[in-house]
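Written below as C-alpha cells is the structure these notes are about.
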Amino acid sequence: MSTGSSIELVFPDGSLRTFPQGTTGAQVAASISEGLGRTALGAVINGRQVELQRPIAESGTIKIVRWDDDEGKTMFWHSSAHLLAEALEALYGQVKFGIGPPIENGFYYDVDFGGHKLSDADLPAIEAKMLELAKNNSVFNWYLVPKADALAYFEAKGDHLKLDLLQGLQDGDISFVRHGNFTDLCRGGHVPHTGHIKAIKLMSVAGAYWRGDEKNQMLTRIYGVSFPKKALLDEHLLRLEEAKKRDHRKLGKELGLFMFSQKVGQGLPIWLPKGAALRERLERFMRQAQKEIGYLQVITPHIALKELYVTSGHYEKYGADSFRAIDTPSEGESFFLKPMNCPHHCEIYKGSPRSYRDLPLRLAEFGTVYRYEQSGELHGLTRVRGFTQDDAHVFCRPDQVKEEFKKVIDLIFKVFSALGFTDFEAQVSLRDQEDRSKYIGTEENWAKAEQAIIEAAQEKGLHTVTAYNEAAFYGPKLDFMVRDAIGRKWQLGTIQVDYNLPERFELEYVGNDNERHRPVMIHRAPFGSLERFIAVLIEHTAGEFPLWLTPEQAIVLPISDRFLDYAEKVLNQLNKCDIRASIDARGEKIGKKIRDAELNKVPYMLIIGEKEVEAGAVSVRKHRQGDVGSMSIGRFSDLIAEEINIKI
RNA sequence: GCCGAUGUAGCUCAGGGGUAGAGCGCUUCCUUGGUAAGGAAGAGGUCAUGGGUUCAAUUCCCAUCAUUGGCUCCA
C-alpha cells in the first residue's frame with residue numbers, strides 16, 4: 001500500500017522496503033549495492049519492464065535486472081533495435097519503421113526502404129554507424145504523448161507502418177521513446193543509454209510480411225545481435241560456428257548418410273547405404289519396443305482414393321496443398337499420395353467387427369507419407385516432402401484413453417533415454433482460444449480430449465507448457481521438445497487424442513452391454529518422422545552416434561601391408577560377432593590412418609602389427625580417448641556388447 | 001509462394017571479358033612406417049541450365065532450376 005509520500009516495494013527474495021515517492025529504479029539499485037547500481041540495465045516493476053531512470057509510480061513488486069537476467073537481455077536487445085533504427089535513419093533518411101522487437105538471440109527491425117534494396121553487403125556500414133551512435137551515450141527517454149499528437153507526428157513523417165500500429169492502440173496517452181535524434185513509438189523497457197551497447201553484429205537481411213500476413217506489403221527485416229562486451233559477441237559467434245559444424249546437412253554428406261538429387265526432386269531425401277542401415281536400426285529398435293507393449297505392425301499402400309481423404313476431412317483441409325491427384329487412364333478414379341496413415345488405419349479397424357474385448361487395438365506402421373510443402377520451406381531432413389513416420393494409432397474405449405495415453409508417454413521416455421535426449425519438456429497444444437472455425441469436431445469431444453491430455457501429463461509428472469493455437473485440426477496434442485547437446489530446442493514426438501476420425505469413419509465396437517459404441521483414437525509418433533529424428537540425432541551427437549547405431553563401429557588398421565592377411569582374419573571374426581567394421585588397407589602410415597579414422601568418428605580403431613599377429617590379438621584405440629591396450633577379439637567383442645547394453 | 005544471398009573438380013573454396021586454380025580426397029609409383037597428416041607423379045571441371053550483350057562470356061545482363069537465411073504455411 002502506498003501512502004502519499006512513500007511506496008513499498010517487494011523484492012524477488014520476498015523482502016519489502018519502503019522508498020520515498022518518486023524514487024527511480026536506478027536509486028533502488030544503488031541502494032542495494034554499488035555493484036548492482038553499476039551493472040543494472042533496467043527494472044521490472046509489477047511485471048512491466050521499465051527504464052531505470054523512470055520514477056516508480058506505485059507500490060508493488062520490483063526486480064532490478066542485469067545482463068544475466070532474461071529481462072535484461074530483452075531490454076538490451078530491444079534498445080539495440082532502436083539504435084539500429086537510428087542508424088538506418090541516419091544513413092538512409094526516408095525510412096519507414098514497422099516493429100523492432102527483441103527475440104531469442106538478438107533483435108530485428110522491420111523497415112520499409114521505399115525503393116532502396118538492401119543486401120548483406122550493406123550491413124557492415126550500418127553496424128559501424130550503430131557503434132558510432134552508441135558512443136554518444138544517448139539516454140533512452142520514455143514519455144507520454146496524447147494519441148492525437150502521436151498520430152500527427154507519424155503523419156508528418158509519412159510513416160504508414162507506425163500509423164497502422166497506432167490505429168490498434170487505445171485512445172489516451174501513447175508512449176514514445178527518444179534517444180539521440182531518433183523518436184519511436186514504444187511501450188518501453190530500455191537500458192539507460194546507448195553506451196551500454198558495445199558489440200554489434202548484424203546477421204542477415206530477410207523479407208517479412210507486415211504483421212506476418214502474406215497479403216500485406218513485404219518489408220525488409222534486419223536481424224542483429226548485440227552485447228555489452230566484445231568478448232560476449234565473440235563467444236556467441238563461436239557458438240554459431242559450433243552449431244554449423246553440427247549441421248546435419250553437412251555431416252550427412254560427410255558421413256555418407258543421405259543425399260538429395262535435383263532430378264529426383266527437391267525435398268525428397270535419398271538414403272545411402274550407411275544412412276539406410278542407421279535408419280533400419282532405429283526402426284528395429286522401435287518395432288521391438290512397440291512389440292513389447294502390444295502394438296501390431298501393419299502396412300498400407302502409398303496412394304488412396306480421394307474419397308478416403310474426403311471422409312477423413314484431410315481433403316477439405318489440405319486438398320489444395322497436396323500433391324496433385326493421380327488419375328487413372330480409363331476408370332476416372334482419382335488417387336492421392338498418402339499424406340497421413342490414420343485414414344488407412346481407420347479402414348483396417350473397420351475391416352472387421354470389433355468387440356470391447358479387442359480394445360485397445362494398437363496399429364503401427366512405418367508409413368511413408370508425401371506432403372506438398374512450399375519450396376521456400378524445405379530444409380535438409382527436417383522439412384521434406386516425403387518422409388516416414390513411426391506412426392501408430394491406438395483405438396480404445398473412452399475409459400481407456402488416459403491409461404493408453406500414459407503408456408505412450410512411457411514409450412516416449414524410453415526412446416528418448418535410449419538415444420541420449422535427457423533434457424526435454426512437453427507442450428500441451430490446444431486450440432486457438434478465439435477462432436474455432438479452423439477445427440473439426442464437436443465442442444464436447446474437444447473438451448474431453450483436452451482434459452485427457454492434461455490429466456495424463458500431470459499424472460506422469462511431466463513438466464509441461466501450454467500453447468494455444470498449436471493443436472492439430474482434429475484434436476489437441478502433447479508435443480515433446482528435446483534440448484540438444486548445445487542447448488537448442490527441437491520438437492520431436494507427438495501424441496494426439498482424436499474423437500473426430502472415429503466419428504467420420506463411423507468406427508464402432510460392441511460393448512459389454514451389447515450396444516454399439518464409438519472408440520477413441522490416439523495418434524502417436526515418438527520419433528515424429530525418421531528423417532527429422534535422424535537430423536536432430538546427428539546435430540545432438542555431432543555425428544558421433546551411440547555405438548549401437550553408428551554405421552561403422554570399428555576399423556582395422558594394419559601397420560603395413562604385410563599384415564593384411566591377418567587384418568582380413570580379424571575382420572572375419574568381427575563380422576561373426578556382429579560388429580560392423582572395415583579395413584583401411586591404404587599404403588599409408590599408421591599415424592595417418594588413425595587421424596583419418598578419428599576424423600571419421602569411428603568409435604574403435606583396431607591396430608595390428610607384428611606384436612598383435614604373434615599374440616593373436618588386436619590393439620584397441622578408442623575414438624577421442626586413445627590407446628586402451630591390447631586384447632583378444634573375443635574380449636573386444638565383449639567390450640562392445642557391454643557398452644551397447646549400458647546405453648540402451 | 002514471397003524477400004535477400006549463393007551455385008567453379010568428389011569435398012571446402014579462390015579467381016576473373018581472351019575456353020580455369022589451391023588444399024583435401026581419388027589413382028599409380030616410391031616408402032613397410034607402432035597410436036592424429038611420409039614423398040612423387042597423375043586423373044578429374046561444357047565454371048547449375050537456357051537466353052541476351054560482345055569480335056570473344058565461366059566472368060556482364062535477363063530468365064529458369066537448385067541450395068541457403070528469413071516471412072507465410074506445417075495433417
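Quick note: numbers below take in every heavy atom, side chains included, and nothing from hydrogens, waters or symmetry partners. Below, read A as the first sequence line, B as the second, and so on, with proteins coming before strands; counting in each chain starts at 1.
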With sequence neighbours excluded, what pairs up with [X] under the side chain to side chain donor-acceptor pair (under 3.5 Å) test?
{"X": "A:S437", "answer": "A:D435"}
{"X": "A:W446", "answer": "none"}
{"X": "A:Q374", "answer": "none"}

Item to check | Within 6.0 Å of CD1 in A:I299, more than 12 heavy atoms from elsewhere | outcome: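 Result for CD1/A:I299: open.
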Next on the checklist: Does A:E425 have more than 12 heavy atoms from other residues, nucleotides or ligands lying within 6.0 Å of its CD?
Outcome noted: yes
With [atom1] as the reference atom in both, quote the distance from [N] to [M] in angstrom, rounded to an integer.
{"N": "B:U31", "M": "B:U12", "atom1": "C1'", "value": "29 Å"}
{"N": "B:U59", "M": "B:U19", "atom1": "C1'", "value": "12 Å"}
{"N": "B:A37", "M": "B:G25", "atom1": "P", "value": "12 Å"}
{"N": "B:A9", "M": "B:A14", "atom1": "P", "value": "12 Å"}
{"N": "B:G1", "M": "B:U64", "atom1": "C1'", "value": "16 Å"}
{"N": "B:G7", "M": "B:U49", "atom1": "P", "value": "13 Å"}
{"N": "B:G15", "M": "B:A48", "atom1": "P", "value": "15 Å"}
{"N": "B:G44", "M": "B:C24", "atom1": "C1'", "value": "14 Å"}

Item to check | Per-nucleotide pairing state of RNA chain B [Watson-Crick or G-U, under 3.5 Å; [ ] pseudoknot-crossing; | other strand] | outcome: (((((((..((((....[..)))).(((((.......))))).....(((((..]....))))))))))))....
Next on the checklist: Would you compute the distance between atom OH of A:Y474 and atom CD1 of A:I440 and round it to the nearest 0.5 angstrom?
Outcome noted: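 Taking OH in A:Y474 and CD1 in A:I440, the distance rounds to 9.5 Å.
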Item to check | Carboxylate-amine/guanidinium proximity below 4.0 Å for A:D110 and A:R221 | outcome: yes
Checklist entry - Is the closest basic N to carboxylate O distance between A:E643 and A:K622 below 4.0 Å? => result yes
Nearest whole angstrom, please: distance from the [atom2] of [N] to the [atom1] of [X].
{"X": "A:L557", "N": "B:G33", "atom1": "CG", "atom2": "P", "answer": "16 Å"}
{"X": "A:D584", "N": "B:U35", "atom1": "CG", "atom2": "C1'", "answer": "14 Å"}
{"X": "A:H248", "N": "B:U68", "atom1": "NE2", "atom2": "P", "answer": "8 Å"}
{"X": "A:I559", "N": "B:G34", "atom1": "CD1", "atom2": "C1'", "answer": "4 Å"}
{"X": "A:E588", "N": "B:G39", "atom1": "CD", "atom2": "C1'", "answer": "10 Å"}

Could you tell me which residues satisfy salt bridge (Lys or Arg N to Asp or Glu O under 4.0 Å) with [X], sequence neighbours excluded, listed by chain and number?
{"X": "A:K245", "answer": "A:E242"}
{"X": "A:R249", "answer": "A:D247"}
{"X": "A:K592", "answer": "A:D596"}
{"X": "A:R624", "answer": "A:E544"}

Checklist entry - When you check the side-chain N and O atoms of A:Q389 and A:H523, is any donor under 3.5 Å from an acceptor? => result no
Checklist outcome for this item: Considering only heavy side-chain atoms of A:K592, the closest of B:U35, B:G4, B:G25 is B:G25
Checklist entry - Of the nucleotides B:C26, B:C65, B:A37, which has the atom closest to the A:R586 side chain? => result B:C26
Checklist entry - What is the ring orientation for A:H236 with A:F227, classed by angle as parallel under 30°, tilted 30 to 60°, or perpendicular over 60°? => result tilted
Measure all distances between protein nitrogen or oxygen atoms and nitrogen or oxygen atoms of nucleotides 29-31 of chain B, and list the pairs falling under 3.5 Å.
none

Item to check | Heavy-atom protein contacts under 4.0 Å, nucleotides 69-75 of chain B, coded B base, S sugar-phosphate only, - none | outcome: BBBBBBB
Does any part of the side chain of [Y], heavy atoms only, come nearer than 4.5 Å to the side chain of [X], both counted from C-beta?
{"X": "A:K611", "Y": "A:S630", "answer": "no"}
{"X": "A:Y309", "Y": "A:S322", "answer": "no"}
{"X": "A:I608", "Y": "A:V613", "answer": "no"}

Checklist entry - Closer to the 5' end of RNA chain B via nearest nucleotide, is it A:L219 or A:Q262? => result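 Its nucleotide being nearer the 5' end, the pick is A:L219.
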Item to check | Strand-adjacent residues in residues 593-615 of chain A, judged by heavy atoms under 4.0 Å from RNA chain B | outcome: A:I594, A:R595, A:E598, A:L599, A:I607, A:G609, A:E610, A:K611, A:E612
Could you run down the sub-3.5 Å N/O contacts of the protein with nucleotides 41-43 of chain B?
none

Next on the checklist: Quick check: A:H314 with A:F336 (ring centres under 6.0 Å apart)?
Outcome noted: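 No, the ring centres sit 6.0 Å or more apart.
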Next on the checklist: Base, sugar-phosphate or nothing for A:G380? Non-hydrogen atoms, less than 4.0 Å.
Outcome noted: sugar-phosphate
Next on the checklist: Under 4.0 Å, counting only non-hydrogen atoms across every strand here, what does A:S312 touch: a base, just sugar-phosphate, or nothing?
Outcome noted: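 If one applies the 4.0 Å heavy-atom cut-off, A:S312 turns out to touch nothing in the nucleic acid.
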Item to check | Phosphate OP1/OP2 of B:U67 contacted by A:Q266 side-chain N/O (<4.0 Å) | outcome: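 Result: yes.
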